[in-house]
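Encoded as structure tokens, the structure appears first; notes follow it.
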Protein chains: 2
Amino acid sequence: MARLGEREIIKIFLEVFGKPPRKALPLGDDVSGFMLDDGRVAVLKVDMFVDKTDMPPGMSFFQAGWKAMVMSVSDFAAKSVKPQTALVGLGLPKNLGRDKVREIGLGLRRASERYGFKIVGGDTNEALNLTISTVVFGVSKREDIVLRRGAKAGDLVAVSGRFGKTSSGLKILLEGLKAPPNLKKKLLNPVYMPKARLSLGLNLKKVGVTSAIDSSDGLAWSLYELSKASGVGFILDRIPIAEEAKVFARLNRLDPFNLAFYGGEEYELVVTLNPEKFAKAPKSLRKRFLVIGRVVKEKKIVYVEKNVERKVEAKGWEHFT
Amino acid sequence: MARLGEREIIKIFLEVFGKPPRKALPLGDDVSGFMLDDGRVAVLKVDMFVDKTDMPPGMSFFQAGWKAMVMSVSDFAAKSVKPQTALVGLGLPKNLGRDKVREIGLGLRRASERYGFKIVGGDTNEALNLTISTVVFGVSKREDIVLRRGAKAGDLVAVSGRFGKTSSGLKILLEGLKAPPNLKKKLLNPVYMPKARLSLGLNLKKVGVTSAIDSSDGLAWSLYELSKASGVGFILDRIPIAEEAKVFARLNRLDPFNLAFYGGEEYELVVTLNPEKFAKAPKSLRKRFLVIGRVVKEKKIVYVEKNVERKVEAKGWEHFT
């Protein structure tokens, strides 16, 4: 039996579980929805942090708790839904001491406070891997929720930040690549203490966003998800690479294009924007987005520089392979 | 560092997470609550099934999925809250094949259908243990939710079924005890395909229930939880032992008292009842409860037979020890 990829497993479950109930959010988007009696949507998300795939060397238990919560909050940010409360399901290796358990709890708490909500419950069990399932809940009007589908030809493609620091940091931690101490610190910080773009996410409708996703599986992969859900393609004219990642690429003879597009574990927002609405949005919000291309009908994703097309491949951060 | 028990870990988290927001349900009850704008409560539960502790030998992957969902539904039953939708977080060992993944999904789906709701989302990751986190959601009026606290001296103590079949079945599977084929089948069935008492649970207020819990951690332990939360004690005059467990006890020279009180993984409801309200409840509901004793002020739990007191100990099903 061949090994199954994470996305293939999700596909099996989508088939087995069947169609979602009437009026809820589409299955396979970043959060799940359930229609309440008053017509609003209960928004739910479970995200599973497993030490083996999500806890790089050197990450503290506090940071593990923090990151586990950020993973879920980031999806709420991309859907423009305010998290209101959370639960935590913990699988703990049996000899994990009291101090480490407390550290995980503090990381979870600190992250929830940072994003304005409280943890109200959970469950715990013994497991070989440290496993932290964060369950985030919120309520939203249906029309305020941003989906992966909705991008239209003529829209702009934009991101909420520059990429490549996390993938550089992971290359230092996992592949032993080098960087001078100061640079190294800057590249490792987002690996250990990622931030979710929640305040920006809650303003997505104000800037004319037509579709959105977070970039946790990598920028290229996120673009492919938007492309698939919206039935469109993207022509990009800018590589949103962070200055520090550019320096790291030069030092290690890496292609900045790869660092920016094929990383992962970065919690930026990847969106499409209605150009008229975006032009009218407050400057304070507009300046938080970097426009990197435009939406086209043809379902291809390419980067164009000096009239030369370079295909952005459907590669991303895939835990299972 | 000494190994931490499950309940000790929960205590650490309750301390670290701090007080719940105003008006929600008490922390440490079986489900968590978040007050919605309209004054109703969003009820949430995450329960974590881990193969190592929750999947006895011979359990199929279908049954694992089924049981994982029943574990959460049973808590909703004990709180008298209707489950409305669910998410699933899966940690899957890397070489688990497509058929087994599908079986788990079918078990989850079948259980959710059995209890009247649909699964609308989830997450998956690689893990050493098969881990199935079920997240169940519902909405309820605050006053319709039954808590662990609320039992008063003079109330009756009752259960929704007879105990000991599951603990007998687990003794067959884990300790090699024997039973003739027909009996064995009856003892193993509730181990592999446990049922949640949901329809009965949704009627708890109608029979005058003052506090409730499910018996998944064992009857004795559940009584202690009610005792602690309500600040009362119980004097029991009946051992609610199943006929099949009685036979199994005789064959294997076991004490039926231990089989009934110190088992676990049984999903019956353990409740206290206001005697006047219970007397006035419809007979069809009343007959589904077995009265096993009464609530007293003194915080002790004892079984009395022919004027001899036998202490019910605070022992239960504890995964971590």
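Here is the naming used below: chain letters follow the sequence lines, and residue numbers restart at 1 for every chain. When reading the values below, keep in mind they use all heavy atoms of this one structure, side chains included, and skip hydrogens, waters and symmetry mates.
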Where on Leu14(A) is there a heavy atom nearer than 4.5 Å to chain B: the side chain, the backbone, both, or neither?
->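 Looking at Leu14(A), nothing touches chain B.
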
Any side-chain heavy atom of Met71(B) sitting closer than 4.5 Å to one from Asp54(B)?
-> yes

Using 4.0 Å as the upper bound for N to carboxylate O, is an ion pair formed by Asp37(B) and Arg40(A)?
->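 Here Arg40(A) pairs with Asp37(B) in a salt bridge, since their nearest N and O are under 4.0 Å apart.
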
What pairs with Phe17(B) under ring-ring contact (aromatic ring centres under 6.0 Å, His included), at least two apart in sequence or on another chain?
->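 In terms of ring-ring contact (aromatic ring centres under 6.0 Å, His included), with neighbours along the sequence ignored, Phe17(B) is linked to Phe13(B).
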
Option that, when pairs with chain A are counted at under 4.5 Å, heavy atom only, ranks first among Val135(B), Val31(B), Leu44(B), Val88(B) |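 Of Val135(B), Val31(B), Leu44(B), Val88(B), Leu44(B) has the most heavy-atom pairs under 4.5 Å with chain A.
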
What residue in Gly122(A), Ser32(A), Gly121(A) has the most heavy-atom pairs under 4.5 Å with chain B?
->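 Heavy-atom pair counts peak at Ser32(A).
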
Side chain, backbone, both or neither of Ser133(B) within contact of chain A (heavy atoms, under 4.5 Å) = side chain

For Gln84(B), what residues pass the side chain to side chain contact (heavy atoms under 4.5 Å, CB included) criterion, not counting sequence neighbours?
-> Phe34(A), Phe137(B), Val139(B)

